[in-house]
Amino acid sequence: QVQLVESGGGLVQAGGSLRLSCAVSGRTFSLYTMGWFRQAPGKEREFVAASSRSGGNSNYADSVKGRFTISRDNAKNTVYLQMNSLKVEDTAVYYCAADRYGTGTRVKSVDYWGQGTQVTVSS
């Protein structure tokens, strides 16, 4: 069983920054593509960013390209999401995801989810 625990959410003004962390239990962290998704009230969960198993390749949603950066530390079993130039529309619950066989970009291929952390961006 793999457990994911997010931290780092909070309230920030537009234009500000936040860094989310996701600590993953177990010895198999490096076998998973790791992703971040988000879900705003009344909307479906959507892909934000993904990092390959080695961390050498990353993928981003168009809405966050150039502003968000995903990274991972396989020695610490942790994946991060650095969010800069935050916008009001980035407000959502952010979920960490572990994807064993997919690209980390599709909700349906995710094997494990974190509990989510709230990010609120005020104008």
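- Using a 4.5 Å cut-off between side-chain heavy atoms of Ile, Leu, Val, Met, Phe, Trp and Tyr, with links allowed through other members, Val110 and Met34 fall into different hydrophobic clusters.
- Under the 3.5 Å distance criterion, the side-chain polar atoms of Thr28 are left unmatched by any main-chain donor or acceptor of Gly26.
- Inter-residue side-chain proximity for Arg53 and Arg100 is flagged as met; some heavy-atom pair is nearer than 4.5 Å.
- Side-chain contact between Ser21 and Glu6 is absent, with no heavy-atom pair separated by less than 4.5 Å.
- Within the 4.5 Å cutoff, the side chain of Tyr95 has heavy atoms near those of the Arg45 side chain.
- Contact detail for Ala14 and Ser123: the closest heavy-atom pair is CB-CA, 4.5 Å.
- Minimum heavy-atom separation, Arg67 to Leu86: NH1-CA, 3.9 Å.
- Of all heavy-atom pairs between Leu81 and Ala49, the closest is CD1-CB, 4.1 Å.
- No side-chain donor-acceptor contact under 3.5 Å links Asp99 and Thr33.
- Heavy atoms from other residues, nucleotides or ligands lying under 6.0 Å from CD of Gln13 number 12 at most.
- Between Leu4 and Trp113, every side-chain heavy-atom pair lies at or beyond the 4.5 Å cut-off.
- Within a 6.0 Å sphere centred on CG of Asn57, heavy atoms belonging to other residues, nucleotides or ligands number 12 at most.
- With ring centers used as reference points, Phe47 lies 6.0 Å or more from Trp36.
- In this structure, a donor-acceptor pair under 3.5 Å is present between the side chains of Thr120 and Gln118.
- By the 4.5 Å heavy-atom criterion applied to side chains, Thr117 and Leu20 are counted as neighbours.
- Nearest heavy-atom pair, Thr69 versus Tyr60, reported as atom, atom and distance to 0.1 Å: CA-OH, 3.3 Å.
- Here the side chains of Val5 and Cys22 are not in contact, with every heavy-atom distance at 4.5 Å or above.
- Nearest heavy atom pair, residue Leu18 against residue Gly8, reads CD2-O, 3.9 Å.
- The shortest distance between side-chain heavy atoms of Thr78 and Val24 does not fall below 4.5 Å.
- Tyr94 and Arg38 share a side-chain donor-acceptor pair at under 3.5 Å.
- Using a 4.5 Å cut-off on side-chain heavy atoms (C-beta onward), Phe37 and Glu46 make no contact.
- Between Asp90 and Lys87 there is no salt bridge, since no side-chain N of the basic residue sits under 4.0 Å from a carboxylate O of the acidic one.
- Shortest non-hydrogen contact noted between Ser54 and Asn74 is CA-ND2, 4.4 Å.
- Linking Ile, Leu, Val, Met, Phe, Trp and Tyr residues whenever their side-chain heavy atoms come within less than 4.5 Å places Leu31 and Ile70 in a single cluster.
- The cationic group of Arg72 lies under 6.0 Å from the six-membered ring centre of Phe29 and within 45° of the ring axis, placing it in a cation-pi geometry.
- For the pair Arg19 and Tyr80, the cation-pi criterion (under 6.0 Å, within 45° of the ring axis) is fulfilled.
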